[in-house]
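Values reported hereafter were calculated over all heavy atoms of this structure, with side chains retained and with hydrogens, waters and symmetry mates removed.
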Amino acid sequence: MTSHLPRTRIQRRNRRAILDAALAVFSQHGFRGATLDRIAAEAGLSKPNLLYYFPSKEAIHETLLAGLLETWLDPLRALDPAGEPIEEILGYVRRKLAMSRDFPRESRLFANEILQGAPRIGPTLDGELKKLVDEKAAVIAGWSGEGRIADVDPWHLIFSIWALTQHYADFDVQVRAVLGPDRGDPFDGAERHLVTLFTRLLTP
């Protein structure tokens with residue numbers, strides 16, 4: 001029993017190291033440019049050791065995406081039909097922007113998968129994701145129909161929130177280059193701008 005516990009801790013540590021390394025490699029090089037050798041080197045493990053935990057590059061990528069999708073859907077799940085409409089939508093904007101700030105590699109991993117045609121998460125996009133978006137779009141449409149927010153297309157509103165928040169992760173280098181070093185953290189200005197933008201858009 002005592003010998004089993006340390007081995008389990010090592011296995012958990014190595015698995016986490018592989019996934020962290022793979023996230024860095026996939027987000028930088030994309031799925032096609034990533035190799036098991038690169039991932040193993042980034043993780044500080046031998047390739048045979050890596051293959052003990054994951055049989056292929058595809059298996060690592062699918063494990064990352066599965067965990068990411070749960071995290072990615074949480075901010076939209078938190079939109080509360082019983083809340084104050086504009087504050088609920090602004091809360092969603094803030095949560096999505098915070099994810100771009102805190103999880104930029106995950107955002108780029110997701111973007112790369114979509115740009116490739118979503119070969120590994122296609123069923124989730126038109127399954128779980130579509131179901132959740134349709135559910136929350138119906139809530140937003142209800143608010144709009146009651147006159148509690150302006151008349152907006154709820155699906156395109158959600159798409160706009162994705163575009164205007166994830167941009168700061170997926171195009172971080174461009175954003176920082178254009179702003180220059182003297183403008184401070186781009187996310188501070190982004191939040192102020194997006195709150196103003198969506199408040200004006202949504203106010204009846």
Quick check against the 3.5 Å criterion: does [X] have a side-chain atom that pairs as donor or acceptor with the backbone of [Y]?
| X | Y | answer |
| --- | --- | --- |
| Glu113 | Ile121 | yes |
| Ser27 | Ala24 | yes |
| Ser144 | Ala150 | yes |
| Thr165 | Val93 | no |
| Glu84 | Ile86 | yes |
| Arg108 | Gly30 | no |
| Glu106 | Leu68 | no |

Contact check, side chains of [X] and [Y], non-hydrogen atoms, under 4.5 Å:
| X | Y | result |
| --- | --- | --- |
| Asp185 | Arg176 | yes |
| Glu191 | Val195 | yes |
| Ile89 | Trp143 | yes |
| Val133 | Lys130 | no |
| Ile161 | Phe198 | yes |
| Gln28 | Arg105 | no |
| Ile60 | Tyr53 | no |
| Leu194 | Arg94 | no |

To the closest 0.5 Å, what do you measure between [atom1] ([X]) and [atom2] ([Y])?
| X | Y | atom1 | atom2 | value |
| --- | --- | --- | --- | --- |
| Leu164 | Leu97 | CG | CG | 10.0 Å |
| Arg13 | Thr8 | CZ | OG1 | 12.5 Å |
| Glu70 | Leu65 | CD | CG | 12.5 Å |
| Leu36 | Leu50 | CG | CG | 6.0 Å |
| Gln166 | Ser100 | CD | OG | 5.5 Å |
| Lys96 | Trp162 | NZ | CH2 | 7.5 Å |

### salt bridge (Lys or Arg N to Asp or Glu O under 4.0 Å) evaluation trace for Arg192 with Asp188
CA-CA 7 Å; Arg192 289 192 299 272; Asp188 293 338; 5.6 Å; no

### Message
Would Arg120 pass as a cation-pi partner of Phe31, given that its NZ or CZ must be under 6.0 Å from the six-membered ring centre and within 45 degrees of the axis?
### Response
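Yes; both conditions hold, so Arg120 lies above the ring face of Phe31.
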
### Message
Quick check with a 6.0 Å cut-off and a 45 degree axis cone: is Lys136 positioned over the face of Trp155's six-membered ring?
### Response
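That pair does not qualify as a cation-pi contact.
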
#### Entry: Test log, rule side chain to side chain contact (heavy atoms under 4.5 Å, CB included), inputs His61 and Leu109
CA-CA 9 Å; His61 195 251; Leu109 177 76; 3.7 Å; yes

Are [X] and [Y] connected, step by step, through hydrophobic side chains (Ile, Leu, Val, Met, Phe, Trp, Tyr) whose heavy atoms are closer than 4.5 Å?
| X | Y | result |
| --- | --- | --- |
| Phe54 | Leu51 | yes |
| Phe159 | Leu115 | no |
| Val152 | Leu197 | yes |
| Leu76 | Ile114 | yes |

### Task
Give a yes or no on whether a salt bridge exists between Arg77 and Asp74, defined as a side-chain N under 4.0 angstrom from a carboxylate O.
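So Arg77 pairs with Asp74 through a salt bridge.
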
Do you know the tightest heavy-atom contact between [X] and [Y]?
| X | Y | answer |
| --- | --- | --- |
| Leu79 | Arg95 | N-NH2, 3.7 Å |
| Pro85 | Arg148 | CD-NH2, 3.3 Å |
| Ala43 | Ala21 | N-CB, 3.5 Å |

### Task
Take Asn49 and Ile18 through the test side chain to side chain contact (heavy atoms under 4.5 Å, CB included) and record every step on the way to the result.
CA-CA 10 Å; Asn49 200 356; Ile18 291 167; over 6 Å; no

### Message
Between Trp72 and Leu129, is the side chain to side chain contact (heavy atoms under 4.5 Å, CB included) condition met? List the steps.
### Response
CA-CA 10 Å; Trp72 225 237; Leu129 176 62; over 6 Å; no

### CZ (Arg183) with more than 12 external heavy atoms under 6.0 Å
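Not buried by this count: 12 neighbours or fewer within 6.0 Å.
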
